[in-house]
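One structure is given here, and the rest of the page talks about it.
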Amino acid sequence: MAWWQGKEKVREYLEEVNKNEKVLEYTLFQPGLFLNYLAYPYKTAKHVDPLQSVFDFENKRAIVVEGHEDAIMTLTTVADLAAVIAQAVDYEGTWPTTGGIRGNRATFSQILEVGKKVRGSPFTVDKVKLEDLEAGKLNTSWGLKAVHKAVSDDQALALLKAVSIGILLSSTKGAWDISDDFNQIFPDYEFTSIESFLGEVWEGKP
C-alpha cells in the first residue's frame, strides 16, 4: 500500500546493510491491524487515535471482497503490542527479522460473527468485486470518514478511499495473515481476544 512505501525503503536498506554479514540486529514488528480500530469512535488507547476500518462496529456494517469472505485478518490490541515490545527489548536471544505478533487470527466472516454477537444483530455487508478494486473503484453504500490528524483536508477523501481499497486488496493476497514469531518466543503471553475486547467496549452501547 502506497502509504507504507517509506517502511519498505527502510526494510530494503536494512537488508542491504546486512547483505554480506550481520552488521545490525533488528526486527520488524508486525501486529496486523490494531483491534482498537474496531472500537471506533471510542478511544481505547492513550497514544492511538480512533480510526475507522472496513469493519464499522458503530453502525453494524462492513465491506468484504466478494468470494474472499475467508480472507485472514490479524488483529492485535495496542496494549498487547506494547507489552510484547517491552519483553522483546529485554530478550537475550536473537530477534527474528520478521517480528510477527499475532494477537488474533480471524477471517472476515469470523469477525462479522463476533460483531453480530457483541452488537446484538447481523451486520449489513457491502460486497465489492476484486476487479473493481484493482481498477481503483470502491462501489459501496458508505465510506470511511475519520482521518488521521496528520492528513490535510484536501487529501483526506482520496486517502480514505485508498485505505479501504488497500486493506481489501491486500487481504485477498494474504498480507494480513501475520506470522507468529514473537508468539513462539513468548509462549506464556496471553493476548486479548477479539470477543473479550470488543464485548467490553460495546457493552451497553447503542
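What you see below is based on every heavy atom in this structure, not just the backbone, and it leaves out hydrogens, waters and symmetry mates. If you're wondering where the values come from, they're calculated on a predicted model, not measured in any experiment. Numbers for residues simply follow the sequence, beginning at 1.
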Report summary line: Between the CG atom in L198 and the NZ atom in K117, the distance rounded to the nearest 0.5 Å is 12.0 Å

Query raised in the report: Is the closest side-chain heavy-atom distance between E58 and P41 below 4.5 Å?
Result: yes

Query raised in the report: Can you find a heavy atom in the side chain of I185 that is under 4.5 Å from one in the side chain of P96?
Result: yes

Query - Heavy-atom pair of closest approach, residues G99 and D181 - result: C-OD2, 4.1 Å

**Report entry** Minimum heavy-atom distance A45-N36, with the two atoms named
**Finding:** CB-ND2, 3.9 Å

Query raised in the report: Is the closest side-chain heavy-atom distance between M73 and V54 below 4.5 Å?
Result: no

Query raised in the report: Judged by atom type as modelled, is there a donor-acceptor pair below 3.5 Å linking the side chain of Q30 to the main-chain atoms of I178?
Result: no

Report task. Apply side-chain contact (heavy atoms from CB on, under 4.5 Å) to L169 and L130, showing your working. Result -> CA-CA 7 Å; L169 266 181; L130 182 61; 3.5 Å; yes

Requested in this report: Start with the C-alpha gap between N18 and L14, add the side-chain angles, then the distance that decides, and say whether side-chain contact (heavy atoms from CB on, under 4.5 Å) holds.
Outcome: CA-CA 6 Å; N18 287 351; L14 291 170; 5.9 Å; no

Query raised in the report: Do Q52 side-chain atoms and K145 backbone N/O form a donor-acceptor pair below 3.5 Å?
Result: yes

Query raised in the report: Is the backbone of G100 close enough, under 3.5 Å, to the side chain of D180 for a donor and an acceptor to pair up by distance?
Result: no

Query - CD on E195 to CD on Q110, rounded to 0.5 Å - result: 11.5 Å

Query raised in the report: Hydrophobic clusters join Ile, Leu, Val, Met, Phe, Trp and Tyr when side-chain heavy atoms are under 4.5 Å apart, directly or via other members; which others share one with I72?
Result: none

Query raised in the report: Is the backbone of V10 close enough, under 3.5 Å, to the side chain of K7 for a donor and an acceptor to pair up by distance?
Result: no

Requested in this report: List the steps and the verdict of side-chain contact (heavy atoms from CB on, under 4.5 Å) for T94 and K22.
Outcome: CA-CA 12 Å; T94 301; K22 181 180 285 187; 3.5 Å; yes

Query - CG on L35 to OG1 on T44, rounded to 0.5 Å - result: 8.0 Å

Query raised in the report: Given R119 and F57, is the side-chain contact (heavy atoms from CB on, under 4.5 Å) satisfied, shown in steps?
Result: CA-CA 7 Å; R119 296 296 282 134; F57 273 61; 4.0 Å; yes

Query - From L51 atom CG to F34 atom CZ, the distance as rounded to the nearest 0.5 Å - result: 10.5 Å

Query raised in the report: Does atom CD of E203 have more than 12 heavy-atom neighbours, drawn from other residues, nucleotides or ligands, at distances under 6.0 Å?
Result: no

Requested in this report: Could you state whether Y91 and L28 fall into the same hydrophobic cluster, counting links through intermediate Ile, Leu, Val, Met, Phe, Trp or Tyr residues with side-chain heavy atoms under 4.5 angstrom apart?
Outcome: no

Report task. State, yes or no, whether a side-chain contact exists between S53 and L38 at a heavy-atom distance under 4.5 Å. Result -> yes

**Report entry** Close aromatic pair by centroid cut-off 6.0 Å: Y189 and F191
**Finding:** yes

Query raised in the report: Does some side-chain heavy atom of L138 sit less than 4.5 Å from a side-chain heavy atom of D132?
Result: no

**Report entry** Donor-acceptor contact present, side-chain K161 to main-chain G136, <3.5 Å
**Finding:** yes

Report task. Mind checking the CD1-OG1 spacing from I194 to T77? Nearest 0.5 Å is all I need. Result -> 11.0 Å

Requested in this report: Evaluate the side-chain proximity of D80 to I101: yes if any heavy-atom separation is below 4.5 Å, no if none is.
Outcome: no

Query raised in the report: Just wondering, do W176 and I167 contact through their side chains at under 4.5 Å, heavy atoms?
Result: yes

Query raised in the report: Counting only N and O atoms by type, is there a donor-acceptor contact under 3.5 Å from the side chain of R102 to the main-chain atoms of N183?
Result: no

Report task. Any chance you could measure F123, atom CZ, to N59, atom CG, to the nearest 0.5 Å? Result -> 9.5 Å

Query raised in the report: More than 12 foreign heavy atoms under 6.0 Å from CD of E200: is that the case here?
Result: no

Report task. Decide yes or no for L112 and V64: does some side-chain heavy atom of the first lie under 4.5 Å from some side-chain heavy atom of the second? Result -> yes

Report task. Determine whether more than 12 heavy atoms belonging to other residues, nucleotides or ligands lie under 6.0 Å from atom CD of E131. Result -> yes

Query raised in the report: Looking only at heavy atoms, what is the nearest atom pair of A71 and S171, with distance?
Result: CB-O, 3.6 Å

**Report entry** Side-chain donor/acceptor of W95 to backbone N/O of E25, under 3.5 Å
**Finding:** no

Query raised in the report: Quick one: ring pair (Phe, Tyr, Trp, His ring centres under 6.0 Å) pairs with a partner in residues 7-31, sequence neighbours left out?
Result: F29-F182

Query raised in the report: Which one of T76, D177, T74 satisfies the side chain to side chain donor-acceptor pair (under 3.5 Å) criterion with R105?
Result: D177

Query raised in the report: Would you find a donor on one side and an acceptor on the other, under 3.5 Å apart, between the side chain of N104 and the backbone of L75?
Result: yes

Query raised in the report: What about F55 and Y37, are their ring centers closer than 6.0 Å?
Result: no

Query - K116 atom NZ, neighbour heavy-atom count above 12 within 6.0 Å - result: no

Report summary line: Those residues at least two apart in sequence (or on a different chain) that pass ring pair (Phe, Tyr, Trp, His ring centres under 6.0 Å) with F197 are none

Query raised in the report: Hey, are K9 and E12 close enough for a salt bridge, meaning a charged N less than 4.0 Å from a carboxylate O?
Result: no

Query raised in the report: Would the number of heavy atoms belonging to other residues, nucleotides or ligands and lying under 6.0 Å from NZ of K205 be above 12?
Result: yes

Query - K43 (side chain) donor-acceptor with V48 (main chain) under 3.5 angstrom - result: yes

